[in-house]
**Q** 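Here it is, the structure, as structure tokens.
Chain letters run A, B, ... following the sequence lines, proteins first, then strands; residues in each count from 1.
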There are 2 protein chains.
Amino acid sequence: MNIGQAARTSGVSAKMIRYYEQSGLIPPAGRTGAGYRDYSDKDVHELRFIRRARDLGFATTEIVELLGLWRDRSRQSADVKRIAENHVAALQTKIRELQEMADTLAELAHCCHGDHRPDCPILERLETPENDTPATIRPRSGAVARSRR
Amino acid sequence: MNIGQAARTSGVSAKMIRYYEQSGLIPPAGRTGAGYRDYSDKDVHELRFIRRARDLGFATTEIVELLGLWRDRSRQSADVKRIAENHVAALQTKIRELQEMADTLAELAHCCHGDHRPDCPILERLETPENDTPATIRPRSGAVARSRR
DNA sequence: CTTGACCTTCCCATGGTTGGAAGCCGCAGA
DNA sequence: TCTGCGGCTTCCAACCATGGGAAGGTCAAG
């Protein structure tokens, strides 16, 4: 099966399949005489696995681990569970941060007249917030989720 | 004031100040005879404004708008409110997506024994999920928030 | 004058994904 | 057989925000 067909069947774009191969997430695909990549149903199965893991927000490094465990018949489910739980925790941290932003903004927006007048608590808050901590260490969450595709 | 001092005072790293200048978010800073960038208290004030907007998760394009409104004495608070409310909506969409991921994963993890045995509902779900929609259009949220710093 | 802290510009890397260009391959229709 | 089209190949670049680092200039204190 050509890469295009594999892409359509797995839901992973051809671009990304090549990228996954190049970055070592999946082994190099076999090639036809003409140099075209050739995929088996098993390969497509694996690509689908990867896509679903990404849909759940797993980072590449986590997917590498999950793939390894998936292939390993003697794996221990505790290892998988650990990865999943760590990821859930990371997601929840991220959610909390976003929720805090949303709450703050929603409150400010609520207080804003939203009319033709220039006075605006939102801008005031950006100008001189109550709880400002300049140059301090704030939560540097980092890389938890895209939801793309 | 040198860029280092401006960075410390505003809470925006010197790297990012140069980046903001280069990308047009802020006007080019004045220069001393030696070519050093020179910042006024007003500039620092603006940098702080930017940092706070970023802390609330606003995208660069939104910050450009907010800065424009901030500088415009004849602005209408409705414009600011609109931007803020759009952003809140975007944040909440993002939050919903992440929450969905977290819920799914938490449930799977809950069902996983987490012991030495290989059987694992998490891997099973990644292999053959119930609701799979391969090659369809899924939410491409995109660019709603970093929470960095 | 030396030292050390600071500044300058420039390049590189991250992560996930998309876009494009140039060129080869394979199939179908005239 | 020739032509055209779409698929495939590789390579290069971009997005966004940020940090790292090198090579070299500047400044103030000792």
**Q** Rounding to an integer number of Å, can you tell me how far Met16(A) CE sits from dC15(D) C1'?
**A**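 That distance rounds to 14 Å.
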**Q** Rounding to a whole Å, what distance do you find between Arg18(B):CZ and dC10(C):P?
**A**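 Those two atoms, CZ and P, are 12 Å apart.
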**Q** Could you please name the option among dG16(C), dC16(D), dC8(D) that lies closest to any side-chain atom of Thr60(A)?
**A** dG16(C)
**Q** For Phe49(B), enumerate each residue passing the ring pair (Phe, Tyr, Trp, His ring centres under 6.0 Å) test, keeping only those at least two apart in sequence or located in another chain.
**A** Trp70(B)
**Q** I want to check one thing: is the phosphate of dT17(C), taken as OP1 and OP2, less than 4.0 Å away from some side-chain N or O of Tyr20(A)?
**A** yes
**Q** Is there a donor-acceptor contact under 3.5 Å linking the side chains of Arg96(B) and Gln99(B)?
**A**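 The answer is no; no qualifying pair exists.
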**Q** Which distance, rounded to the nearest 0.5 Å, do you find between the NZ of Lys42(A) and the NE2 of His45(A)?
**A** 10.5 Å
**Q** Nearest-Å distance, CG (Asn2(A)) to C1' (dC27(C))?
**A** 12 Å
**Q** Phe58(B) and side-chain contact (heavy atoms from CB on, under 4.5 Å): which single residue from Ile50(B), Leu91(B), Val64(B), Leu66(B) fits?
**A**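 For Phe58(B), the side-chain contact (heavy atoms from CB on, under 4.5 Å) test succeeds with only one of Ile50(B), Leu91(B), Val64(B), Leu66(B), which is Leu66(B).
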**Q** Between N or O atoms, less than 3.5 Å apart, protein on one side and nucleotides 20-24 of chain C on the other: list the pairs.
**A**
from: dG20(C); atom 1: O6; to: Lys15(A); atom 2: NZ; distance (Å): 2.4

**Q** Counting only heavy atoms not in Glu100(B) (residues, nucleotides, ligands), do more than 12 fall under 6.0 Å from its CD?
**A** no
**Q** Please check the phosphate of dT17(C) (OP1 and OP2 only) for any side-chain N or O of Tyr19(A) closer than 4.0 Å.
**A** no
**Q** Between Leu25(A) (CG) and dT17(C) (P), how many Å, whole number?
**A**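 Value for this atom pair: 11 Å.
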**Q** Please give, in whole Å, the distance from dT18(D) C1' to Glu21(B) CD?
**A** 17 Å
**Q** What residues, two or more places apart in sequence or in another chain, satisfy side chain to side chain contact (heavy atoms under 4.5 Å, CB included) together with Ser74(B)?
**A** Asp72(B)
**Q** 5'-most contact on DNA chain C: Ala34(A) or Arg31(B), nearest heavy atom basis?
**A** Arg31(B)
**Q** Distance from Met16(A) atom CE to Ile3(A) atom CD1, nearest 0.5 Å?
**A**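 CD1 of Ile3(A) is found 11.0 Å from CE of Met16(A).
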**Q** Would you kindly give the CD-to-C1' distance between Gln22(A) and dA13(D), to the nearest whole Å?
**A** 14 Å
**Q** Mind grabbing the angle between the end helix axes of the helix from dC1(C)-dG30(D) to dA30(C)-dT1(D)? Five pairs an end, 10° rounding.
**A**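 The angle separating the two end axes equals 30°.
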**Q** Provide, to the nearest angstrom, the distance between the CZ atom belonging to Phe58(B) and the P atom belonging to dA17(D).
**A** 14 Å
**Q** Say whether, by atom type as modelled, one donor and one acceptor occur between the side chain of Arg52(A) and the main chain of Arg125(B) under 3.5 angstrom.
**A** no
**Q** By the side-chain hydrogen bond (donor to acceptor under 3.5 Å, both in side chains) test, which pairs, at least two apart or in different chains, include something from residues 107-120 of chain A?
**A**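 Residue pairs passing side-chain hydrogen bond (donor to acceptor under 3.5 Å, both in side chains), neighbours aside: Asp115(A)-Arg117(A), Asp115(A)-Ser77(B).
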**Q** Can you tell me the distance, in whole Å, between the CD1 atom of Ile17(A) and the C1' atom of dG7(D)?
**A** 14 Å
**Q** Looking at Ser13(A), does any N or O in its side chain come under 4.0 Å of the phosphate oxygens OP1/OP2 on dT18(C)?
**A** yes
**Q** Only counting residues at least two apart or in another chain, list the ones meeting salt bridge (Lys or Arg N to Asp or Glu O under 4.0 Å) with Arg71(A).
**A**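 Per chain and number, Arg71(A) pairs via salt bridge (Lys or Arg N to Asp or Glu O under 4.0 Å) with Glu46(A).
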**Q** Quick one: is Arg54(B) getting a side-chain N or O under 4.0 Å of the dT18(D) phosphate, OP1 or OP2?
**A** yes
**Q** With a 4.0 Å cutoff (strictly under), does any side-chain N or O of Arg37(B) reach OP1 or OP2 of dT9(C)?
**A**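 Checking dT9(C) against Arg37(B), a side-chain N or O does come within under 4.0 Å of OP1 or OP2.
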